[in-house]
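Here the structure is laid out as structure tokens; the discussion comes afterwards.
Letters A, B, ... mirror the listed sequences (proteins, then strands); counts begin at 1. In what follows, every heavy atom counts, from backbone to side chain, and hydrogens, waters and symmetry copies are set aside.
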2 protein chains.
Amino acid sequence: MDRKRSKAMSDMEQADAPPYHLQLARMFAERRKADLDAPLCPVRDVLDRVGDKWTMLVLIALAERPRRFSEVNRTIPDISKRMLSQTLRTLERDGLVLRSVFPTNPPSVEYRLSELGRTVFEPLTMLVRWVERSHDAIGTARKQYDTSP
Amino acid sequence: MDRKRSKAMSDMEQADAPPYHLQLARMFAERRKADLDAPLCPVRDVLDRVGDKWTMLVLIALAERPRRFSEVNRTIPDISKRMLSQTLRTLERDGLVLRSVFPTNPPSVEYRLSELGRTVFEPLTMLVRWVERSHDAIGTARKQYDTSP
DNA sequence: CTGTATCCTCATAGATACTG
DNA sequence: CAGTATCTATGAGGATACAG
């Protein structure tokens, strides 16, 4: 709180920044009064999507290249058409995915990442890397917890 | 796939690395055959937690300093004891949170982040920043989607 | 204070059938 | 092919009561 901090560094840099857990704590401390747990909280809003069963898989399915509805379905075999449709619609509504209809016969519809959609992959990749770095430690912790008293 | 890439740079650096969405796409492409959608997939496993209703809020509640059970409860007023207890237990089991019982009377129990627990905040902060950068764009996209045909 | 046990409800996703 | 409509079932989470 009262630690001296050199302000001489580029303030884009995190050279002397507080550790991440304290950064986040402060971000949320300021926000709490108003809307942390409110349904409007944009962070919760996005976190809910990230954590939901299909959104991530659908985004990843579209990461490499645009795909048609049934292509995506084949990429994720155990998603129902209902859920795939709903997930894609939400992603389109949020502007992460673009939808193009080609009036061929039979009709074909192509889904692709938007510019904004591509940008999610940066933080997401960070998260996946954390998982890869940590999942051994987590596994060990679980084993230990489960075999304890 | 076959683009020339200078290997002269530090391979810790991402100077000439492919964009994140392609990185992730490849990570998962390799993994898909085995266990992408399997319940064992560690990424899905963690993502489920990140997206669940309370885990993030509890972690943030513990970010600044250790807290007792009822302190956390006051920090997150709308969580039930049942859910708080369950969330804390899961976090403890995963080794992200440490639990210390002090045999005072009445008993007091303190929860705090483990070393591993603190490390989650780096990727999480990235994600929160992405939300802050993007939520205007998302809001605009939604408004447009909702007022369209 | 720090939980657990039990019951109950409501939302979400799966299955199935149908349509442009 | 690309969806929507309807129905049902499962399970997460709230309420309440109780316990160490």
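Put simply, CD on B/Glu110 is 11 Å from P on C/dT2, counting in whole angstrom units. Here C/dA11 presents its C1' atom at 13 Å from CG of A/Asp48, a figure rounded to the nearest Å. Rounded to whole Å, the distance from CD1 on A/Ile79 to C1' on C/dA13 is 10 Å. Per the geometry, CG belonging to A/Leu84 stands 13 Å off P belonging to D/dC1, to the nearest Å. Regarding A/Trp54, its CH2 atom lies at a distance of 10 Å from the C1' atom of C/dA13, rounded to whole Å. One can place NZ of B/Lys53 at 11 Å from C1' of C/dC10, the figure rounded to the nearest angstrom. B/Arg49 places its CZ atom 12 Å from the P atom of D/dA12, with the value rounded to the nearest Å. Between the C1' atom of C/dC1 and the CZ atom of B/Arg74 lies a distance of 10 Å, rounded to the nearest Å.
Within 4.0 Å of B/Arg82, counting heavy atoms only, lies at least one base atom of the nucleic acid. Looking at heavy-atom distances under 4.0 Å, A/Tyr111 makes contact with sugar-phosphate atoms alone, never a base.
Between B/Arg68 and the phosphate of C/dG3, there is no side-chain N or O to OP1/OP2 separation shorter than 4.0 Å. A close approach under 4.0 Å does not occur between any side-chain nitrogen or oxygen of A/Lys81 and OP1 or OP2 of C/dT16. OP1 and OP2 of D/dA2 both lie 4.0 Å or more from every side-chain N or O belonging to A/Ser85. At C/dT2, one or more side-chain N or O atoms of B/Ser70 fall inside 4.0 Å of OP1 or OP2 (strictly under the cut-off).
Not one N or O on the side chain of A/Ser85 forms a donor-acceptor pair closer than 3.5 Å with the backbone of A/Lys81. Looking at A/Arg44, its side chain does come within 3.5 Å of a backbone N or O of B/Lys53 through a donor-acceptor pair. Of the possible polar contacts, none joining the A/Ser134 side chain to the A/Ala137 backbone as a donor-acceptor pair under 3.5 Å is found.
Counting only heavy atoms from C-beta on, B/Pro106 has its side chain closest to C/dC1 among D/dG14, C/dG3, C/dC1.
Between A/Pro107 and A/Arg89, the one whose closest nucleotide on DNA chain D sits nearer the 5' end is A/Pro107.
Within a 6.0 Å sphere centred on CD of A/Gln144, other residues, nucleotides and ligands contribute 12 heavy atoms or fewer.
Between B/Leu116 and B/Asp94, the shortest heavy-atom distance links the atoms CD2-O, 4.0 Å.
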